[in-house]
Amino acid sequence: MLVYPSGVDVSSSTLRFLAARLRKHRHALGTRWRRLSAGRQALLTLTHLRNGQPYAQLAAGFGIGTTTAYRYVTEAVELLAALAPTLAEAVRAASMKAYLILDGMLLPIDRIAADRPFYSGKHKKHGMNVQVISDPKGRLLWASPALAGAVHDIRAAREHGIIDALAQAGITCWADKGYQGAGGTVRLPYRGRWDRLSTGQQAVNRSHAKVRALVEQAIATLKSWPLLRKLRCSTTRITSLVQAVLTLHLASSD
């Protein structure tokens, strides 16, 4: 396999953040020697997450075996995922915000037609449902564990306890029609055909759409990592990947 120099569009502070966590992790394990230093393992992981390259290509580029590359990336991803904020921590941190915005996103996966639990009728493709919470400026605050794509947004929000958590904290949340019947502090647009809505209802829906549209920036933050645009791994690993990306984003935003 040919090897060539390449680049990763990730900040050096993000690399230092992950490398420091890996050094601390190795010290806790009492690791004496590895094929890659903590810094190189951090770069290996960021390259995989940012570029979505297969393990065989990463292994060739870093001069290690494919199994070793997989093990190093998995270790770093699980370490990052464990640092991701819980829903309670995210809500507590956002308690002073005027409101939050909630929306769901579908992460495409490579599944066949027989895998119906992963098929989203809304998006007409197989994927995993991830709930996203942003602040009023569209900045990503929290991302949920991944559920099968066939799960609707309102059901996912209830399973994760999002609606109850926001209601208990008294935080107003803006969401789309996919959360109809949520109750609590969730604000929804009026339902019905546009021409059948009153002038006042139309004005409310236009205002609601402008506020809610900012959550797309938070979704774009996750999808800016190419690995999440088309996942080819086991569905059991997707939650860890999403949480790892969330941790890196929040660390670079501090």
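Scanning all heavy atoms of the two residues, the minimum distance from A56 to T66 falls at CA-OG1, 3.9 Å. V215 approaches V132 most closely through the heavy-atom pair CG2-O, 4.4 Å. Across every non-hydrogen atom of L141 and P85, the tightest pair is O-CG, 4.2 Å. Heavy-atom minimum distance, A38 versus A19: CB-O, 3.9 Å. Across all their heavy atoms, L49 and L248 have their closest contact at CD1-CD1, 3.8 Å. Between R229 and K223, the shortest heavy-atom distance links the atoms NE-O, 2.7 Å.
Here F17 pairs with nothing under the ring pair (Phe, Tyr, Trp, His ring centres under 6.0 Å) rule; sequence neighbours left out. R71 is linked by a salt bridge (charged side-chain N to carboxylate O under 4.0 Å, His left out) to nothing, counting only residues two or more places apart in sequence or in another chain. Among residues two or more places apart in sequence or in another chain, the ring pair (Phe, Tyr, Trp, His ring centres under 6.0 Å) test is passed with H152 by none. In this structure Y190 satisfies the ring pair (Phe, Tyr, Trp, His ring centres under 6.0 Å) test with no other residue, sequence neighbours excluded. Under the rule for a side chain to side chain contact (heavy atoms under 4.5 Å, CB included), the partners of P54 that lie at least two apart in sequence or sit in another chain are Q57.
C233 places a side-chain heavy atom less than 4.5 Å from the side chain of I238. A 4.5 Å side-chain heavy-atom check between L246 and T221 finds every atom pair outside the cut-off. Inter-residue side-chain proximity for V245 and L227 is flagged as unmet; no heavy-atom pair is nearer than 4.5 Å.
Remark: K230 does not engage D110 in a salt bridge, criterion side-chain N to carboxylate O under 4.0 Å. Salt bridge status for D195 with R193: present, with a side-chain N to carboxylate O gap under 4.0 Å.
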For this session: Using the side chain to side chain contact (heavy atoms under 4.5 Å, CB included) rule, take M128 and T239 through it: C-alpha gap first, then chi angles, then the decisive distance, then the call.
Result: CA-CA 9 Å; M128 299 294 286; T239 291; over 6 Å; no
Exercise. Side chain to side chain contact (heavy atoms under 4.5 Å, CB included) between L87 and I133: does it pass, once the steps are laid out?
Worked result: CA-CA 10 Å; L87 175 60; I133 294 179; 4.0 Å; yes
For this session: Take E75 and L29 through the side chain to side chain contact (heavy atoms under 4.5 Å, CB included) test and state the conclusion after the steps.
Result: CA-CA 12 Å; E75 178 185 45; L29 293 177; 4.1 Å; yes
Problem set entry | side chain to side chain contact (heavy atoms under 4.5 Å, CB included) between Y72 and T45, intermediate numbers included | CA-CA 8 Å; Y72 279 5; T45 304; 5.7 Å; no
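A distance of 9.0 Å separates CG in L15 from OG1 in T47, rounded to the nearest 0.5 Å. Atom CD1 in I109 sits 9.5 Å away from atom OG in S234 (nearest 0.5 Å). Annotation: the span from R23 atom CZ to R26 atom CZ amounts to 9.0 Å, rounded to 0.5 Å. Separating the CG atom in L188 from the CG atom in N205 is a distance of 10.0 Å, to the nearest 0.5 Å. From S134, atom OG reaches atom CG of L100 across 7.5 Å, with rounding to the nearest 0.5 Å. Atom CG of L147 sits about 5.5 Å away from atom CD of E159, to the nearest 0.5 Å.
The environment of R155 atom CZ is sparse: at most 12 non-hydrogen atoms of other residues, nucleotides or ligands sit within 6.0 angstrom. Other residues, nucleotides and ligands contribute more than 12 heavy atoms inside 6.0 Å of the CZ atom of R206. Heavy atoms of other residues, nucleotides or ligands lying less than 6.0 angstrom from CZ of R191 number 12 at most.
Without hydrogens or angle criteria, E216 side chain to A213 main chain gives no donor-acceptor distance under 3.5 Å. Formation of a donor-acceptor pair under 3.5 Å by the R35 side chain with backbone atoms of G63 is found in this model. Side-chain N or O atoms of T247 include none that pairs as donor or acceptor with a backbone N or O of A81 at under 3.5 Å. With S207 contributing its side chain and V204 its backbone, the two residues share no donor-acceptor pair below 3.5 Å. Side chain of Q243 to backbone of A143: a donor-acceptor contact under 3.5 angstrom is found. H48 places a side-chain N or O within 3.5 Å of a backbone atom of Q53 that can act as its donor or acceptor partner. A donor-acceptor distance shorter than 3.5 angstrom exists from the side chain of Q202 to the backbone of W194, with no hydrogens or angles considered. Within the 3.5 Å criterion, the main-chain N or O of S198 finds a donor-acceptor partner in the side chain of Q201.
Ring-plane geometry between W174 and H208 is classed as tilted, the angle between the planes lying from 30 to 60 degrees on a 0 to 90 degree scale.
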Per-pair distances, 0.1 Å, donor-acceptor, side chain in residues 176-186, under 3.5 Å, sequence neighbours excluded:
from: D176; atom 1: OD1; to: G178; atom 2: N; distance (Å): 2.9
from: Y179; atom 1: OH; to: G104; atom 2: N; distance (Å): 3.1
from: Y179; atom 1: OH; to: Q131; atom 2: OE1; distance (Å): 2.4
from: T185; atom 1: OG1; to: I171; atom 2: O; distance (Å): 2.6

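There is a path of hydrophobic side-chain contacts, each under 4.5 Å, that joins V91 to W142.
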